Structure formats: structure tokens, C-alpha cells
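Each chain gets a letter, A, B and so on, in the order its sequence line appears, and its residues count up from 1. Please read all numbers here as calculations on a predicted model, not as lab measurements.
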There are 2 protein chains.
Amino acid sequence: MRDQTNHSESAETPERVLARYMSERGLKSTRQRSLVLSTFFHAGGHLNVEELLARIREVDPKVSAATVYRTMKLLTESGIAHARHFGDGQTRFEIASEHHDHLICTSCGTIVEFEDDKIEALQLEVARRHGFTVTDHKMELYGRCGACAEKARSA
Amino acid sequence: MRDQTNHSESAETPERVLARYMSERGLKSTRQRSLVLSTFFHAGGHLNVEELLARIREVDPKVSAATVYRTMKLLTESGIAHARHFGDGQTRFEIASEHHDHLICTSCGTIVEFEDDKIEALQLEVARRHGFTVTDHKMELYGRCGACAEKARSA
DNA sequence: TTCCTTGCAAACACTTTGCAAGGCC
DNA sequence: GGCCTTGCAAAGTGTTTGCAAGGAA
């Protein structure tokens, strides 16, 4: 729903990005596609198709999984969403404009999101040294969160 | 979890690690398991099951995919290998003692390994700020490699 | 001899695709 | 009306599992 980087009137809403992407290649706007888009944004990311579909069906029970897969592919290709693969064999999607990295507690599963400009700058630097042009990245730090370390200490 | 160069007599070879892991739980050493292990190490990592199986079958054509899956699970559980999921829907394995980060060309699939101490230091720093103690991490940079950028330019 | 391991094929989970009906422009 | 999109079911992937035969200890 709401977003962080609002530039007054020049705001590029996901709806607008998608609309342009579709009209550029003769694709059509449909009730299902709008529903997938709004559900995805309302949920805020990290959902897999199954979870997304469940929420979508609260509104329209007849939407099929195939449509969700097809629409998420569209969102991915148009740059609105990013597909991520964690270890669980499913694809999860995140809002492209809200990319961040993750701290994951291997003990309780807590996921903390973060962003670090210095690290990102160094990533570009490393890539450049290898002749790469980076378009995306993924960084996950695994370990123990403060609460779990605390629990382990008193146990 | 850094540094694993060979220290003469105290060397913990993968064979030894695996042997201990298996004997601790009554598992047996077999021709197939040894073959999977040696092939995996000889290849140096980043192989998926299909590729691994192809190399294994050059030696013993009768080894089944199931055995490779089962053995790689064993190697993963014993801490000898790490399972990694890149964007292609398959599981790739790497040698646990040779952890590094990856640059992945989204055009040709090339994987380049790298390590950057400055980035790793900053990762620990970020984690500390969030109260986390990091034990492992994963970082992948996606983009276009030099060769593919070249090709795109001349096309 | 005991019980683990193997190869095979079937089962699985997730995702993609062919097709006829339906819907947007 | 033309052509894209949908839902369904079938087909594809990559991976796991049940089972009977084979093999290590």
C-alpha cells in the first residue's frame, strides 16, 4: 500500500509501471492481475505462491494458481518484484523497490532486514574487479539473535 | 569457520570426517559413497546432482541418482558439503571448508568465486548492531559478466 | 547373520503449459 | 471481433521414498 520513496507527482506507482509494461507489449489489465498486484503489495513481500494464493482467494476464491504464477512472472519481468529462492524449495517474492538483506536466527527463525550502503558499494567494487556489472544481489547472514544467545546463556 | 589449509598430522580429511560421522551412527562405508565423495572433491564444487552423476557414471555407470542425492545429504549433514540454491531451481553443492561468495552471470550462468575481508568485517559489524552473532553467511551478486556484456555490445 | 545400502520406479512438491471458454479493448 | 487471459487438468522439473535384492561388518 504505502511506500517510502514518494516523489510528489512524478511517483511511479507499481500500478503505473505494470500498466506501461503491459501496454508496451499488448498485454491486458484484468481483474485477476490487479488483485494479484494489490495483494502482493499489501502483504509486503516474502510470500510464496501458496500464501499469496490463499490471501487472494479470500477476495476471489476462483483465482487459479496458474494465474498467480503467470502474474508473478509478469511482475518479475517488469521489475516490480524479485523472485528469491531460500532453502525450502519454493519461490518467494519481494517488492523490488524494498530490497534489503537479511539476518536470520538459526535458532528461532527470526528474520531481521537491513541495508548497508558501505557493503553495497564494496559489492560493486568487487564485481567491477571481476568485469561484472551487478544488477541484483542477495546477502543473508545466519547466526544467533540476542534473545536466543541470552536464553542459551541462562540454560 | 575460516581457514582450512592442511596442517600436516592434524589434517582432518573429508574422508576421516565422513568416516567418523558414519561410524558414530552405524552407517556403512560403500563403494558408491566413496565414489560420490571423491568425485565431489575432485570436481571442486558448484555441481548439481545431474553434473555430479554424469562424472560419477564415467567411473561406474550403474550408480543411481537416488544414491547421489542420499550421499550428498549425508555430506551436508556431516558438515562436509553445503547445499546452495541459486536461481535455477536446482541444488548445487560446495565444499564446506572452501566457503566463498559468488558472482553469477544471469546471461551465461558463469559463477565466479570471491572473498572480501572488508565486506565480511562489515557484515559482522552490521550483525553486532542488531545483537546477532553470525556463524555463516551467503552472498551472491547477480549481473552480467564481461564476456556477455561484450557480446551484447557487438550484437 | 544382521541390518544398512542400492537401484529402480513410483511418489512428491512446485511450477509450467495446452486448450477451450471467457473477457478486455 | 480479435486476440489476450483464465481455469482446469495434464505435463514437466527436481528431489524423495518404498521396496526387494545386494553388500558391509
**Student:** If I compare all heavy atoms of A/G79 with all of A/A96, which pair ends up nearest, and what's the gap?
**Tutor:**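 A/G79 and A/A96 have their closest heavy atoms at O-CB, 3.2 Å.
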**Student:** Please name all residues satisfying ring-ring contact (aromatic ring centres under 6.0 Å, His included) with A/H82, sequence neighbours left out, ordered by chain then number.
**Tutor:** none
**Student:** Can you pull the contact range of chain A along DNA chain C, 5' to 3', using atoms under 4.0 angstrom from its heavy atoms?
**Tutor:**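 Footprint of chain A along DNA chain C, 5' to 3': C/dC14 to C/dC25.
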**Student:** Is any side-chain nitrogen or oxygen of A/T67 closer than 4.0 Å to OP1 or OP2 of D/dT5?
**Tutor:**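 A/T67 to D/dT5 OP1/OP2: no side-chain N or O under 4.0 Å.
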**Student:** Which pairs count as salt bridge (Lys or Arg N to Asp or Glu O under 4.0 Å) when at least one residue sits in residues 58-73 of chain A, sequence neighbours excluded?
**Tutor:**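 Passing the test, one end in residues 58-73 of chain A: A/R31-A/D60, A/D60-A/K62.
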**Student:** Taking only residues two or more places apart in sequence, or in another chain, which ones meet B/E51 in a side chain to side chain donor-acceptor pair (under 3.5 Å)?
**Tutor:**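 Residues passing side chain to side chain donor-acceptor pair (under 3.5 Å) with B/E51: B/R92.
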**Student:** Of the residues in residues 25-35 of chain B, which ones touch DNA chain C at a heavy-atom distance under 4.0 Å?
**Tutor:**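 Within this stretch, B/G26, B/L27, B/K28, B/T30, B/Q32, B/R33 sit under 4.0 Å of the strand.
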**Student:** Can you check the B/H85 NE2 to D/dG14 C1' distance for me, whole Å?
**Tutor:** 11 Å
**Student:** Transitively linked via ILVMFWY side-chain contacts under 4.5 Å: A/F132 with B/Y142?
**Tutor:**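 In one cluster: no.
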**Student:** Determine which pairs satisfy salt bridge (Lys or Arg N to Asp or Glu O under 4.0 Å) with at least one residue from residues 124-135 of chain B, sequence neighbours left out, and list them in order.
**Tutor:** A/D116-B/R129, B/E125-B/R128, B/E125-B/R129
**Student:** Using rotation axes that map the C1' atoms of four end pairs onto the next four (five pairs an end), what angle separates the end axes of the helix from C/dT1-D/dA25 to C/dC25-D/dG1, to 10°?
**Tutor:**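 Inter-axis angle at the ends, rounded: 30°.
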**Student:** With sequence neighbours left out, write down each residue that passes side chain to side chain donor-acceptor pair (under 3.5 Å) with A/Q123, or none if nothing qualifies.
**Tutor:**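 A/H137.
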**Student:** Would you mind listing every ring-ring contact (aromatic ring centres under 6.0 Å, His included) that reaches into residues 35-72 of chain B, with sequence neighbours excluded?
**Tutor:** B/H46-B/H100, B/H46-B/H102
**Student:** Can you check the A/K73 NZ to D/dC4 P distance for me, whole Å?
**Tutor:**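 It works out to 16 Å between those atoms.
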**Student:** Below 4.5 Å, heavy atoms only, C-beta onward: do A/V59 and A/L35 meet side chain to side chain?
**Tutor:** yes
**Student:** Where along residues 46-66 of chain A does a heavy atom come under 4.0 Å from DNA chain D, residue by residue in number order?
**Tutor:**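 Close to the strand are A/K62, A/V63, A/S64, A/A66.
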**Student:** Can you list every salt bridge (Lys or Arg N to Asp or Glu O under 4.0 Å) pair that touches residues 105-114 of chain A, not counting sequence neighbours?
**Tutor:** none
**Student:** In the single-linkage hydrophobic clustering (I, L, V, M, F, W, Y; side-chain heavy atoms under 4.5 Å), do A/I56 and A/I95 co-cluster?
**Tutor:** yes
**Student:** Does any pair with a residue in residues 143-152 of chain A pass salt bridge (Lys or Arg N to Asp or Glu O under 4.0 Å), and if so which ones, sequence neighbours excluded?
**Tutor:** A/E150-A/R153
**Student:** Counting C-beta onward and ignoring hydrogens, is there a side-chain heavy-atom pair between B/L53 and B/R57 closer than 4.5 Å?
**Tutor:** yes
